[in-house]
Amino acid sequence: MKPSVILYRSLPDDLLARLESHFTVTRVNDLSPATVAAHADAFASAEGLLGSSENVDQALLDKMPRLRATSTISVGYDNFDVEALSARHIALMHTPTVLTETVADTLMALVLSSARRVVEVAERVKKGEWTQGIGPDWFGIDVHHKTMGIVGMGRIGLALAQRAHFGFGMPILYNARRHHQEAEARFNARYCDLDTLLAESDFVCIVLPLTSETFHLFDAAKLAKMKPSAVLINAGRGPVVDENALIDALKQGKIHAAGLDVFEQEPLPVSSPLLSLPNVVALPHIGSATHETRYAMAACAVDNLIDALNGKVDNNCVNPQAVK
Ligand code: 8YV
C-alpha cells in the first residue's frame, strides 16, 4: 500500500500526478483545527505533509501520530516547530537553492524602485501628472557605486552581492555569523559588525531568516545608526524589523526610504501606516514569485517528500541528525 500524505497547497497537474504515483494524497486547503477535524482520519494516518505558509506546531503533530516527513515549498521554515519535529524524528525538508537567483532579483528590484521612486512616479504618470518636463520633485537617488550592506550572507546574500558588485559597481559590506570567503574573494565584500555596516551603508539589505535571535533585530536603536540618506530593504522575514520603529524612522526622516517585500503581518493590513508613506515600496511577498521559480520550488518539494519518506535526507533537510 502507498503511504498517505496530506497536501495543503495546490500543485501543477504534472507534479500532483507525480505525487499521486508515490502516495495516496488527501488535499486540504489549510491546516486549521477545523480542517484537521474535518479530515481527522486522513491526518491520523498520514506519513507525509506537503505545502507552505501554514504553521506546523505541536498541536498539529499531536493529530498526526504517524507523520515521518514534512516538506515545505519554501526556503524559510520559521513556521515549523523544528524542535517538536526533531523530538519525533520527523524530517523537515525545504527548497533552499532553486529560488536564490529570483529572490536576489527581487532585492535589486526593491533597491532600484526605492532609490529611483519607480512605483511612485509611474503612478503619477498614470494620474496624468506628467504634463511638462520633470523637475527635482520627480528625482531619485543613485544606486550605482553606492555602498551596499548585506545582513545575512547565505546563498541569497551572495547572489545579491554578485548583482551589486558586477552590475552596479557597488562596494559591498556584509554582516553574518561567520566570514564568507567566497563573498570576499569574488566580490571584494568586507565583513563588518552590524553597527559599522549600518553606519556606512547606503542600502541596508536584510536577507535573514526569522529566529529568536533575529526577531526585532532592527529596532529603533539599530535604525538610528543608519545614515539619514540610507534606504532599508527587507526581503527576509517581516518580524526581523520592528515595524512601528521603522514607521517612526521613515516619518521622522531618520532614514530616507524603505523597500519591503515582507511584513510583521501578511497580508499587510490596508490600514498600515506604511501604505501612506510615499517613501515606502511595499510588495506582496513576491520574493520567489515567478512562474519558473514557483514551479521549481514545488517540484523540489515533491522530490524532497519522496526522498524523505524513502529515508533519504542528505539533501535539503533541515534536521538530518534528528532523522538518521
Ligand atoms: C515563499 C519564502 O513564497 O521560500 C520562502 O521562504 O518566503 C517564499 O519564497 C513563501 O514561503 C510562500 O511559499
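Worth knowing before you read on, the calculation uses all heavy atoms, side chains too, and leaves out hydrogens, waters and symmetry mates. Numbering of ligands and ligand atoms starts at 1, following listing order.
Listed by first then second residue, pairs satisfying side-chain hydrogen bond (donor to acceptor under 3.5 Å, both in side chains) with a partner in residues 252-262 read Q252-K254, not counting sequence neighbours. Annotation: side-chain hydrogen bond (donor to acceptor under 3.5 Å, both in side chains) contacts involving residues 106-119, sequence neighbours excluded, comprise R117-E120.
Ion pairing between E200 and R190 holds under the 4.0 Å rule for side-chain N and carboxylate O. Electrostatic pairing of E101 and R163 counts as a salt bridge here, judged by a charged N lying under 4.0 Å from a carboxylate O.
Pocket lining of ligand 1, defined as residues with a non-hydrogen atom under 4.0 Å away: S52, S53, I73, S74, V75, G76, L99, R237, H285, S288, R294, M297.
Side-chain N or O atoms of T214 include none that pairs as donor or acceptor with a backbone N or O of L217 at under 3.5 Å.
Remark: N310 engages I306 in a side chain to side chain contact (heavy atoms under 4.5 Å, CB included) (not counting sequence neighbours).
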